[in-house]
Amino acid sequence: MRKRITKAIFPVAGLGTRFLPATKSIPKEILSLVDRPLIQYAIDEAREAGIKEFIFVTSRGKGALEDYFDSAPQLEQLLRKKNKKDLLETLKRSTMDSGEIVYIRQREALGLGHAVWCARRLIANEPFAVILPDDVIAAEKPCLKQMVEAYENTGGCMVAAMEVPPSKTSAYGILDVKEDMGSLVKVGGMVEKPNQEDAPSNLAAIGRYILTPNVLKNVGTLKKGAGGEIQLTDAIAMEIENGGGVFGFRFDGQRYDCGSKAGFLQATIAFALSRPELRDELMDFMVETVASRRAAQ
Ligand code: UTP
């Protein structure tokens, strides 16, 4: 039996510059798709995959995140008085039990690899998951759960993977495919943000990982990589060089890049359209708006 994955790291210490000025005072992870903050999607996915310990790597200005997970006694009292059971249940889902969530600080935004490394003492010697809340994945079975199940057979490290247009490889960590087994891919190397000409494939790693503690040790030896940042991709690539198994996992589901404005808007529309109480009104609005835009062109 493999050691179960019960710990997940949520690196949320980035500056979120693509959403300025909104992110001047609000953490990006609190921005909401319809009415649920990005971080809530990530927490729900982790829970469904069996995660019990939630480790947040935060930074200055992310206090609203800590408040979000706290209980809200006044609000709860009011909702109880008004017998608003549904809303009480919604609130309950956003409250974390004492001790199941830990916050550590990344003092300087030195990169994703460095952010994950900040949690090394809490991970100690077990495999763990990493979830980037910017990547929201709509799926029948949550993406991390799919990965945990696949990991039962593979062990080693696993990264969620998806094909991207060749012109977009410079925005991702790209996998060098050694053996393609369909939903699973044996990875022979990884490169962070290669140009289209240098990319070993167009299979990109996106924000879900299962990693061994070796990867954290590797981060500790890394120099700055692409973009002048300490890259998680480089630490995983080092794991392959050291003979560790790394697998890409083509998940079932639709991934939205909510770290970009276009992706965030697409996710907002998709999630709103999946809500019966919003669907018809939104569809009518979109049809009319598109028609009048077209007519004006
Ligand atoms: P991004 O590359 O999206 O950077 O980070 P960002 O700062 O969040 O956003 P922009 O590009 O300025 O708009 C990907 C993930 O890695 C985390 C981010 O919080 C995000 O979840 N991260 C990145 C850290 O925790 N620390 C870092 O030093 C860098």
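Every number for a ligand or one of its atoms is a count from 1 in the order of the listing. All heavy atoms count here, side chains included; hydrogens, waters and symmetry mates do not.
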Visitor: In the protein, what heavy atom is nearest to atom 25 (O) of ligand 1, and what distance, to one decimal place, separates them?
Guide: A13 N, 2.9 Å
Visitor: Using a 4.5 Å cut-off on heavy atoms from C-beta on, say whether the side chain of P200 contacts that of V191.
Guide: yes
Visitor: So which heavy atom in the protein is nearest atom 26 (N) of ligand 1, and how far is it from that ligand atom?
Guide: Q106 OE1, 2.7 Å
Visitor: Does the side chain of V246 reach to within under 4.5 Å of the side chain of M158, using non-hydrogen atoms?
Guide: no
Visitor: Under 4.0 Å, heavy atoms only, figure out whether ligand 1 is touched by the backbone of H114, its side chain, both or neither.
Guide: neither
Visitor: Hey, does the side chain of R93 reach the backbone of T90 with a donor-acceptor pair shorter than 3.5 angstrom?
Guide: no
Visitor: Can any side-chain N or O of N202 pair as donor or acceptor with the backbone N or O of V164 at less than 3.5 Å?
Guide: yes
Visitor: Using only atom types and a distance under 3.5 Å, with no angle test, would you say the side chain of R208 pairs donor to acceptor with the backbone of L144?
Guide: no
Visitor: Check this for me - ligand 1, F19, N or O atoms closer than 3.5 angstrom, yes or no?
Guide: no
Visitor: Going by the closest heavy atom to atom 7 (O) of ligand 1, which one wins out of D135, L15, D257?
Guide: L15
Visitor: Is there a path from F10 to V57 through hydrophobic residues (I, L, V, M, F, W, Y) whose side chains come within less than 4.5 Å of each other?
Guide: no
Visitor: For atom 8 (O) of ligand 1, what's the nearest protein heavy-atom neighbour? Residue, atom name and distance, please.
Guide: K28 NZ, 2.7 Å
Visitor: Less than 3.5 Å between some nitrogen or oxygen of G111 and one of ligand 1, yes or no?
Guide: yes
Visitor: Could you check whether R36 makes a cation-pi contact with Y41, meaning its NZ or CZ is under 6.0 Å from the centre of the six-membered ring and within 45° of the ring axis?
Guide: yes
Visitor: What atoms of ligand 1 come within less than 4.0 Å of a heavy atom belonging to A109?
Guide: 28 (O)
Visitor: For ligand 1, is there an N or O atom under 3.5 Å from any N or O atom of E108?
Guide: no
Visitor: Is it true that H114 and Q106 share a donor-acceptor pair across their side chains at a distance under 3.5 Å?
Guide: yes
Visitor: Got the closest protein heavy atom to atom 17 (C) of ligand 1, with its distance?
Guide: P11 O, 3.6 Å
Visitor: Hey, does Y172 have a side-chain heavy atom less than 4.5 Å from the side chain of T169?
Guide: no
Visitor: Looking only at distances, please establish whether an N/O atom of ligand 1 is found under 3.5 Å from an N/O atom of V57.
Guide: no
Visitor: How does T17 reach ligand 1, if at all, at less than 4.0 Å between non-hydrogen atoms: by side chain, backbone, both, or neither?
Guide: both
Visitor: Do P133 and ligand 1 have an N or O pair less than 3.5 Å apart?
Guide: no
Visitor: Do I236 and Y209 have side chains that get closer than 4.5 Å, going by heavy atoms?
Guide: yes
Visitor: Which one holds for A115 and ligand 1: side chain close, backbone close, both close, or neither close, with close meaning a heavy atom under 4.0 Å?
Guide: side chain
Visitor: Give the atom numbers and elements of ligand 1 that come within less than 4.0 Å of a heavy atom of L110.
Guide: 28 (O)
Visitor: Pairs of nitrogen or oxygen atoms closer than 3.5 Å, one from R18 and one from ligand 1: do any exist?
Guide: yes
Visitor: Relative to F247, does K186 satisfy both conditions: NZ or CZ under 6.0 angstrom from the six-membered ring centre, and within 45 degrees of the ring's axis?
Guide: yes
Visitor: Can a side-chain donor-acceptor contact be found between Q40 and Y68 if the only test is distance below 3.5 angstrom?
Guide: yes
Visitor: Tell me the protein heavy atom at minimum distance from atom 5 (O) of ligand 1, and give that distance in Å.
Guide: D134 OD2, 4.6 Å
Visitor: Are any of the N/O atoms in L112 less than 3.5 Å from those in ligand 1?
Guide: no
Visitor: Checking a contact table here: which protein heavy atom is nearest atom 24 (C) of ligand 1, and how many Å away?
Guide: G14 N, 3.5 Å
